[in-house]
Amino acid sequence: MKDKLGRMVRRALESALASGQLRPVQVLPSIGLETPKTPAHGDYSTNIAMAMASHQKRRPQDIARIIIDHMGDADHLLSKTEVAGPGFINFFIAQDQWYEVLRTVHDQNKAYGTSERGQGQRVQVEFVSANPTGPLHVGHGRCAAVGDTLAAVLKAAGYEVEKEYYVNDSGRQILTLGRSVFLRYRQLLGDPVAFPMDAYQGDYIKDLARMLVDREGKRLLEIPEEEATGLCATFAADEILAGIREDLETFGVSFDRWFSEQSLYDSGTVQATIQDLRYRDLVYDHEGAVWFRTNKFGDEKDRVVVRGNGLTTYFASDIAYHKDKLERRFDRIIDIWGADHHGYVPRISASIQAMGHDRQTCEFILVQLVNLLRGGKPVAMSTRAGEFVTLRQVIDEVGRDAARFLFLLRHYDSPLDFDLELAKKQSNENPVYYLQYVHARISNILKKAEERGYKNRGWHEGFPELINLPEEIHLIKLMARYPEVVAQSARLMEPHRIPFYLKELAGAFHAYYHDRSSHQVVSDDAGLSAARLFLVSAVRMIIRNGLALMGVSAPEIM
RNA sequence: GGGCGAUUAGCUCAGCGGAUAGAGCACAAGCCUCCGGAGCUUGGUGUCGCCGGUUCGAUUCCGGCAUCGCCCUCCA
């Protein structure tokens, strides 16, 4: 609808320019169509006349009038066009055109809302990527929900999307993990060895040690400590990673690829990358360490890639990792991180640029922290002491649907208060049920309709023009906006726009549904019933499609 | 001290440079002979943190200031 109108305005503008009634322009201005807040301002409006006013040296109202005079409307899309306010052109869509929206929704069904704006460009979305040194916690859950939904939204917008999890299965934190497990292992076997503060404190370390005792007995005490620690590290990391995969699967998040950091060392990519940088004089030696000239590319200072002790930093493998990503020829690379990593952005951007790519190729989404509450009171969390509420616990307590939905109900820029009690409430304070309820309700209506002899097929044979109440047209207008919402969500990389839109649609439906005196869907009037079934089943499709983008189920009964 | 983000109704938050800034919660009063009350209807609030700038037009963009959060290791 909007696209169609946009093309009409463009043609009118071109025609007006060709006629000489408007001064020639270097480039055709882009035509912004928006949905006015007030219905009195039409279904769509454009500010094009005001935008051109200064260049044209004429009153916006005059320009608007000229454009309108050049507009053709062969399809009778519009019922009224007017110039209003300081120079807006307001368009009123003819009522019968809205029925087309219902047909489109039904014809496209699960594809309704998708678009081609991505033109098949390849996008990689990397998210979660938590170290395999402990279970996922709520913060990772938010990143998982945001990343998975963004990927789905981008896919719906015509991008080819790959989801990836970067596994930090190398480096010091893995050694610490191995050491922690080995110490717990020794303790379990009666060795009263001290457990230091810098080891991982969580109870899951003890569980892993217990598994090792069951599996290996005392064997690890009889081999060199370094070897034993290494075995513990590999064992623990594998177990924890398996747990992470399982948790994410339960959360409905799947990845196309799990990329191992260690593989970058095994293949020599890290060393090769540093060599390459050295060859191009992008790294230098200083005080025994090797530094990357990130400062030359916008970072506040240079960064160490090889420490004085000869070990590479996390940053070193991350450069190699991003080099690998770049070589995989994605058109866009999106990294989703917790906001506490924001200081890392400039150095990654710097390294992208240093490797000869446009720094814009890699985009970053920084997801703010999650404050976990229970009944309004903060839940104590300390990773250091190993006390945190895991994603698994949250899913078990409030359910996957509520968790995913609530994680998406804030712009990722804002810190999120996640209240466990609220998430469990089946009331109007908890919006996820509000949406699912619409789906269940309409499902029930359709079921009742079938029982009364209205066959599914028959709805299409109804007369949509019987749908003509203002509330009904309002619902259709909302439905017409859905593809724009998805496209916008993709363009701005803002998944939260989906649940906000769906809440609005759900509210409009509930209001419609409740006025039974004039809106009874299934009645004795067969034609009207068929038409209204056509309307509400379209609502159901959109609710289902939107929830699907968020990874939230659309139940038929609740 | 430096960086990033935020600041909109009592609370939690939406808001694509546009016209009279919205929603949910909370509070109050109503609504089931009915296709599911996990619902609906009706009530009213705002110096859009402050000061400048750009613009025909700024809650929106830019700069400064204030406040809050996070970060600032040869940690990951």
Side-chain angles (χ1 to χ4, degrees), chain A residues 32-38 40-41 45-47 50-51 53-54 59-60 84-88 90 131 133 168 170-174 176 198 286-291 300-301 303-315 318 338-346 366 368-369 371 376 409-417 419 422 425-438 440-449 451-452 484 488 491-492 496-497 499-501 503-504 506-507 509-517 519-523 529 532-533 536 557-558:
Chain A
L33 278 174
E34 65 175 44
T35 311
K37 287 174 193 151
T38 322
H41 295 148
S45 74
T46 179
N47 62 353
M50 289 181 284
S54 75
R59 293 174 60 227
F88 290 104
N90 294 338
N131 291 348
T133 54
N168 291 115
S170 173
R172 213 179 79 169
Q173 81 279 6
I174 291 295
T176 304
D198 63 348
H286 177 65
E287 292 180 352
V290 181
W291 298 71
E300 59 181 285
K301 60 178 191 177
R303 306 286 176 178
V304 170
V305 287
V306 184
R307 297 200 292 260
N309 61 10
L311 295 176
T312 49
T313 60
Y314 182 85
F315 180 43
D318 230 2
D340 52 340
H341 285 64
H342 79 263
Y344 216 71
V345 170
L366 300 166
Q368 292 290 332
L369 301 182
N371 299 312
L409 206 51
R410 290 277 178 282
H411 188 189
Y412 55 75
D413 258 357
S414 305
L416 167 68
D417 288 338
D419 196 308
L422 181 63
K425 271 193 197 163
Q426 300 190 349
S427 73
N428 47 10
E429 292 168 75
N430 189 349
V432 63
Y433 299 111
Y434 189 80
L435 291 187
Q436 292 185 318
Y437 196 49
V438 170
R441 241 179 188 167
I442 298 176
S443 298
N444 200 50
I445 293 173
L446 300 185
K447 194 167 135 253
K448 284 274 157 55
E451 283 167 15
R452 290 183 56 168
E484 296 163 31
Q488 179 172 252
R491 179 168 56 85
L492 302 172
H496 74 278
R497 288 172 183 272
F500 277 95
Y501 165 81
K503 274 168 67 181
E504 198 179 343
F509 172 76
H510 279 310
Y512 175 72
Y513 169 89
H514 267 278
D515 188 353
R516 290 171 186 178
S517 56
H519 302 156
Q520 183 76 14
V521 175
V522 183
S523 65
S529 297
R532 286 183 172 167
L533 286 164
V536 299
I557 47 171
M558 292 172 67

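Just so you know, these numbers come straight off a predicted model, no measurement behind them. Quick note on labels: first sequence line is chain A, next is B, and so on, each numbered from 1.
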Legend entry - Side-chain donor/acceptor of Thr313(A) to backbone N/O of Val306(A), under 3.5 Å: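 Here the side-chain-to-backbone pair does not exist.
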Legend entry - Main-chain N/O of Gln520(A) paired to Arg532(A) side chain as donor or acceptor, under 3.5 Å: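 Pair found, side chain donor or acceptor close to backbone of Gln520(A).
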Rounding to a whole Å, what distance do you find between [X]:[atom1] and [N]:[atom2]?
{"X": "Gln488(A)", "N": "rC16(B)", "atom1": "CD", "atom2": "C1'", "answer": "5 Å"}
{"X": "Leu422(A)", "N": "rC13(B)", "atom1": "CG", "atom2": "C1'", "answer": "13 Å"}
{"X": "Leu409(A)", "N": "rG24(B)", "atom1": "CG", "atom2": "C1'", "answer": "9 Å"}
{"X": "Leu435(A)", "N": "rG24(B)", "atom1": "CG", "atom2": "P", "answer": "13 Å"}
{"X": "Asn371(A)", "N": "rC68(B)", "atom1": "CG", "atom2": "P", "answer": "16 Å"}
{"X": "Leu33(A)", "N": "rC16(B)", "atom1": "CG", "atom2": "P", "answer": "17 Å"}
{"X": "Tyr501(A)", "N": "rG15(B)", "atom1": "OH", "atom2": "P", "answer": "16 Å"}

[X] side chain near [N] phosphate (N/O to OP1/OP2, under 4.0 Å):
{"X": "Ser414(A)", "N": "rU7(B)", "value": "no"}
{"X": "His496(A)", "N": "rG15(B)", "value": "yes"}
{"X": "Tyr412(A)", "N": "rA6(B)", "value": "no"}

Could you please name the partner base of [N], counting Watson-Crick and G-U wobble pairs only when both distances are under 3.5 Å?
{"N": "rU12(B)", "result": "rA23(B)"}
{"N": "rC74(B)", "result": "none"}
{"N": "rU54(B)", "result": "none"}

Can you name the atoms? Protein N/O to nucleotides 69-76 of chain B N/O, anything below 3.5 Å, with the distance.
| residue | atom | partner | partner atom | Å |
| --- | --- | --- | --- | --- |
| rC74(B) | O2 | Gly308(A) | N | 2.6 |
| rC74(B) | N4 | Glu287(A) | O | 2.8 |
| rC75(B) | OP2 | Arg307(A) | NE | 2.6 |
| rC75(B) | OP2 | Arg307(A) | NH1 | 3.0 |
| rA76(B) | OP1 | Arg307(A) | NH1 | 2.8 |
| rA76(B) | OP2 | Tyr314(A) | N | 3.4 |
| rA76(B) | O3' | Gln173(A) | OE1 | 2.2 |
| rA76(B) | O3' | Gln173(A) | NE2 | 2.9 |
| rA76(B) | O2' | Asn131(A) | ND2 | 2.4 |

[X]: partners by side-chain hydrogen bond (donor to acceptor under 3.5 Å, both in side chains), with sequence neighbours left out:
{"X": "Ser170(A)", "answer": "Gln262(A)"}
{"X": "Ser523(A)", "answer": "Ser529(A)"}
{"X": "Ser517(A)", "answer": "Asp515(A)"}
{"X": "Arg452(A)", "answer": "Asp524(A)"}

Inset, instruction - Assign rC25(B) to syn or anti; the rule is syn for a glycosidic angle within 90° of 0 and anti otherwise. - result: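 Anti conformation here, the glycosidic angle of rC25(B) being more than 90° from 0.
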Set of residues satisfying ring pair (Phe, Tyr, Trp, His ring centres under 6.0 Å) with respect to [X], sequence neighbours excluded:
{"X": "Tyr433(A)", "value": "none"}
{"X": "His514(A)", "value": "none"}
{"X": "His519(A)", "value": "Tyr512(A)"}
{"X": "His411(A)", "value": "His496(A)"}

Are any protein N/O atoms closer than 3.5 Å to N/O atoms in nucleotides 21-23 of chain B? If there are, list each pair with its distance.
none

Pairs: protein N or O with nucleotides 30-35 of chain B N or O, under 3.5 Å:
| residue | atom | partner | partner atom | Å |
| --- | --- | --- | --- | --- |
| rC34(B) | O2' | Arg516(A) | NH1 | 2.8 |
| rC35(B) | O3' | Lys448(A) | NZ | 3.3 |
| rC35(B) | O2 | Val522(A) | N | 3.2 |
| rC35(B) | N3 | Val521(A) | N | 3.0 |
| rC35(B) | N4 | Tyr513(A) | O | 3.3 |

Would you indicate what [X] reaches in the nucleic acid, counting non-hydrogen atoms under 4.0 angstrom: base, sugar-phosphate, or nothing?
{"X": "Arg410(A)", "value": "sugar-phosphate"}
{"X": "Thr133(A)", "value": "nothing"}
{"X": "Leu311(A)", "value": "nothing"}
{"X": "Asp198(A)", "value": "nothing"}
{"X": "Tyr433(A)", "value": "base"}

Legend entry - Whether Phe500(A) stacks on the six-membered ring of rA14(B) base, 5.5 Å and 30° limits: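 Phe500(A) vs rA14(B): stacking no.
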Inset, instruction - Find out whether Lys503(A) and Leu409(A) are in side-chain contact, i.e. whether some heavy atom of one side chain is under 4.5 Å from a heavy atom of the other. - result: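 Yes - at least one pair of side-chain heavy atoms lies under 4.5 Å apart.
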Inset, instruction - Identify, between Leu416(A) and Ser45(A), the residue whose nearest nucleotide on RNA chain B lies closer to the 5' end. - result: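 The residue closer to the strand's 5' end, by nearest nucleotide, is Leu416(A).
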Mind listing the N/O atom pairs, protein and nucleotides 53-58 of chain B, below 3.5 Å?
none

Inset, instruction - Look at the side chain of Asp413(A) and decide which nucleotide, out of rG5(B), rA14(B), rU12(B), has an atom nearest to it. - result: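 It is rG5(B).
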